[in-house]
Enquirer: 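Take a look at this one; I'll ask things after.
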Amino acid sequence: MSSCRSSTSEMRGIPVTRAEYGTGTQAMARRLGRVGRREAPVLATVIILFGLVVVPVLAMVCNSVTTPQGGLSGRYWAEVLGTARYLRAIGHTLLLAIPATALAGVIGLGQAWLIVRSDLPGKRFLHMASIVPFFLSPFLGAVAWGMLLSPHVGLFNRLFMLVGIGPVDIYSSLGIIWVTGLYYAPYVYLFVQSALHNLDPSVEEAAAISGLCPMGTFWRITLPLISPALISALLLTLVAATGQFAVPALLGAPVRIRTMTTYIYDLSNMFPPRFGLAAVLSLLLVVIAAAGLVVQKILLGGRSFVTVSARARKHTVVPLGRLRLPLFGVLMVFVLATTVLPIVMLFYASLVPHYDGSLAFHLLTFAHYREIFLSNHLVESAVWNSLWFAGISATVSLLLAVWISLIMNRTRSPLRGLIDFMVTIPAAIPGVTLGVALLWTWIDVPLPVYGTGWLLFIGYIVGFMPFAVRAVSSVHRQIDVVLEDALRMAGGNALQRLRHVTLPLLKPGIASGWVLVFVICVRELDVPVLLYSPGNEVLSVLIFSRWEDGDYGMLAAMAAIQIMLITVVLIAASCLFRVEVAPPTS
Amino acid sequence: MTDPLPDHPTRRQVLTHAVGAGLALPFLARGARAADAGVVTVYSSVPSLYLSRIAERVNAAGLDVQLRILSAGSFQIYQRLRSELRTGRLKADLFQVSDISSFVELKRDGALMSYDSGVYAHYPEGHRDPDCTWVNSRSILNIFACNRNEVPDREMPRTWDEYADSRWVGREGNSDARVDGGALNWYYSLRLAKGVGFWKKYAKNRPEIFRGHGALTNRLVVGELALCEQLDYVAYAMTRGADAPVVAVYPDVVANCMTPLAIMKQAPNPRGAKIVFDWLLSREGQVMLSHINGTYSLRDDVPPLPGKPAFATLPVVRIDPVDYTNSREAMQDEFMQIFDL
């Protein structure tokens, strides 16, 4: 008995006093009861996460191996793996995602090095401009790029044709790669710029003293040192690009470039639906994404996240010399062309009666905005719904995130690994797959969830909880436990420690996490497009509907409102709460 | 351990609380709005652009009901409805999609309410169910449309065979019969009228395939497509309101796609559903619907829209709803094969 107790204590690393042992079975029962009480909240968390995250995945697995009559069958797997069109879709998915990831890597790495390490002017503006695409929906990006690079009427194509180039066709594999790469470049940028900031400058200084030129230092010292962050960023980008639905749906589907996500959407939305096939494709996507995340975890496994250091880090700025202004010009043109101009195009399209590819400034009108604010209550209600769902989802996600972070960082529960795993699962599930899985699950659950706003709310929570948890957890890991121990020794109980030490220190993570989840919920399309119900329409769903209706004027006006909403929230967060808005990078 | 006494609030704190209150407003406003009574929900494939306007009119008509809408593709909506019926959690009071096969199946399964409304007498045979479970609330026609800047008048095709001519390779488009009810109806009707050979010939042109007619329209208007299969009301809306460079061509045969309206037997609000059903199919409702949507009303006392050929003069392909229902899945698979999707 004694050895059993001690081994358990040692295994979990919990200090046990002699008095706690007691004698005989009563003491054992008391101890188990205490452990049970201590583990009960953790166990409850596991059960909630299991219901929210794991059950929908299991529903997907069930759908992939059961026939409509209820029998077990491997026919859907055989059909997907044995049919040319689905194999082609798998191939397309990877052939689009890999180059898009490479493009995002080149753009993100280049921007990060120039902004963090060089003596480029206007760094603050360039930093903000580099992360803007993260806060815009890739769907809107695809719409805007459709306007800029349409083969006949696209603004860029008209300019290209003036100088005898083109036309470039955005409705092609290259178009999809271009738009996807641009919209995921901020992922790489944020990871790499963070790694460059955290890099110990003494290593690079030593290389310079040894006679290496700046480029040599970059290739032989800097790049290998930031490679874990870079590889992690590339893997996460690959996972996200593989699960991207909106861009290939807009730019690829009409010309028969079909990816796994567009097939999943179509197979789920035809009648009779082919859920079995959609489930198999979804699971294959999850496998691809999970493999990426596992590799990322392995790469990050041994890294320390504690960044408190006694030594101030002042990096040497690399002088660009004669290239300084030309490189600044190139970066400004790139940022304006890829970030600012697409937004300007959307605003322009919202101000003309009917966008037909021409620039007709004499026709500018607020008719679409008048329609939205004065006569179309559905759009007005969608604006309020977007604010409501994003606000409440961000708040609840953050509450959950703080709780989960406390379990992960301040307990020694053996269930921590399981919780970490379950929180990571949604990050490996593409939005469109997650939407389908949640729909299948909740329609059969005898609770008043399906057909109400609750389902959309659950979709947002499940889909974006990983962002919230990472935002809070990355700050939590940097807080030394000594601070909480000091209050404990002064007689403070757990609630007081939370209120007076942990929460005030977590405030930056909570604020940035809230803003991040709020913005993602407002811009997100893949999850709500499948989960909304009448009366709960959100802006992104109506924007998608307007695209299906071919009403680009109203689409653009609603997109402009969405962009303005996001901008207001970001500015308010930055001014009032001093939130440094950037996706968490750990 | 006590908290320090709060000082006078700083400007930052005042601003923070003001923003917090601002963020809370929508939540409070939403709570206040949640007390609607007499809500009627329609699941419809009428594009949300038009459906939201129709709902505004219904809600302003003093019917003492609040119409809520769910708009999506015919099959997407039908699938949702079937799932709700299967689990006994029906949210829809009214059902309206451009796919007659859905109504054949729902009636077969006893899911539609038989409602002996006075409006039935105003609709011709074939456009209403003899057992009073549905009425055709609008008719849409599958025609084709050309961009007049891309296709000069003398070169404009006039028949489906000319439309399928190989000179249009890479310049055509159509909607996807797997997910769009109107497109499936078009595929089935032209297959009846012209045989599967027509489709095989047309598919060789590698037309662009879109989920719905809206996105197709936009590509036509900007001139990326020279011509495309189109719904008559979409082409009508393009020329009526937006003065787009689009010409609607009514070819040798046209497919008529009905959009029946029915009340669900398990409707959560059957009283409200009947009120909306009667109003939408009344003369007033049909005039409103055909004006907003640009579609044909088959009701006997609704005048035709200006600038559209009379429905009776058109070479409409008649289909057997039951055969159409029974061959739906096979048609979808065939479409997928022929168009290499």
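Just so we're on the same page: letters track the sequence lines, and every chain starts at 1.
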Enquirer: Could you tell me which portion of E84(B) (side chain, backbone, both or neither) has an atom closer than 4.5 angstrom to a non-hydrogen atom of chain A?
Expert: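 For E84(B), heavy atoms of backbone and side chain both lie under 4.5 Å from chain A.
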Enquirer: Which atoms of S386(A) are under 4.5 Å from chain B, going by heavy atoms: the side chain, the backbone, both sets, or neither?
Expert: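 Answer is neither: S386(A) stays 4.5 Å or more from chain B.
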Enquirer: Which answer fits T41(B), side chain, backbone, both or neither, if we ask what part of it has an atom under 4.5 Å from a heavy atom of chain A?
Expert: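 Contact with chain A: side chain only.
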Enquirer: Can you tell me which residue among R258(A), R88(A), R85(A) is in a salt bridge (Lys or Arg N to Asp or Glu O under 4.0 Å) with D340(B)?
Expert: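 Of all the options given, the one that passes is R88(A).
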Enquirer: Against chain B, label A249(A) side chain, backbone, both or neither, depending on which of its atoms sit under 4.5 Å from a heavy atom there.
Expert: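 Looking at A249(A), backbone and side chain both touch chain B.
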Enquirer: Among L542(A), D266(A), V541(A), T452(A), who wins on heavy-atom pairs under 4.5 Å with chain B?
Expert: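 Most heavy-atom pairs within the cutoff with chain B belong to D266(A).
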Enquirer: Under a 4.5 Å heavy-atom cutoff, which of Q76(B), R82(B), H213(B), Q79(B) has the most pairs with chain A?
Expert: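 Looking at each of Q76(B), R82(B), H213(B), Q79(B) in turn, Q79(B) comes out on top.
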Enquirer: Check whether any side-chain heavy atom of E208(B) sits under 4.5 Å from a side-chain heavy atom of Y171(A), and report yes or no.
Expert: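 A side-chain contact is absent here, since even the closest heavy-atom pair is not under 4.5 Å.
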Enquirer: Kindly compute the distance separating CZ (F275(A)) from OG (S83(B)), expressed to the nearest 0.5 Å.
Expert: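 These two atoms lie 5.5 Å from each other.
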Enquirer: Of the backbone (N, CA, C, O) and the side chain (C-beta and beyond), which part of R53(B) lies under 4.5 Å from a heavy atom of chain A, both, or neither?
Expert: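 Side chain of R53(B) only, per the 4.5 Å heavy-atom cut-off to chain A.
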Enquirer: Would you mind reporting whether L70(B) and Y532(A) have side-chain heavy atoms less than 4.5 Å apart?
Expert: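 When only atoms from C-beta onward are counted, L70(B) and Y532(A) do touch, with a gap below 4.5 Å.
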Enquirer: Need one label for S71(B): side chain, backbone, both or neither, based on atoms under 4.5 Å from any heavy atom in chain A.
Expert: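 The backbone, not the side chain.
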Enquirer: Tell me which of these, F339(B), Y78(B), Y43(B), Y50(B), has more heavy-atom pairs under 4.5 Å with chain A than the rest.
Expert: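 Of the candidates given, the most pairs with chain A belong to Y78(B).
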Enquirer: Kindly compute the distance separating CD (E224(B)) from CG (D169(A)), expressed to the nearest 0.5 Å.
Expert: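 So the CD of E224(B) and the CG of D169(A) are separated by 7.5 Å.
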Enquirer: Between S150(A) and R219(B), what is the shortest heavy-atom contact and its length?
Expert: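 Between these two residues, the closest heavy atoms are OG-NH1, 4.4 Å.
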Enquirer: Find out whether R68(B) and E537(A) are in side-chain contact, i.e. whether some heavy atom of one side chain is under 4.5 Å from a heavy atom of the other.
Expert: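 No - every pair of side-chain heavy atoms lies 4.5 Å or more apart.
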Enquirer: Look at V445(A), V379(A), V383(A) and state which one has the largest set of heavy-atom pairs under 4.5 Å with chain B.
Expert: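 Between V445(A), V379(A), V383(A), the count favours V445(A).
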Enquirer: Please tell me if the side chains of R206(B) and R256(A) come closer than 4.5 Å, counting only heavy atoms from C-beta onward.
Expert: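 Yes, at least one pair of side-chain atoms sits under 4.5 Å.
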Enquirer: Side chains of R211(B) and T262(A): does their closest heavy-atom pair fall under 4.5 Å?
Expert: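 Yes, their side chains come closer than 4.5 Å.
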Enquirer: Out of curiosity, L341(B) CG to Y263(A) OH, how far, rounded to the nearest 0.5 Å?
Expert: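 Interatomic distance, L341(B) CG to Y263(A) OH, rounded to 0.5 Å: 6.5 Å.
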Enquirer: Out of L439(A), L267(A), L447(A), L250(A), which one racks up the most heavy-atom pairs below 4.5 Å with chain B?
Expert: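 Top option by heavy-atom pairs under 4.5 Å: L447(A).
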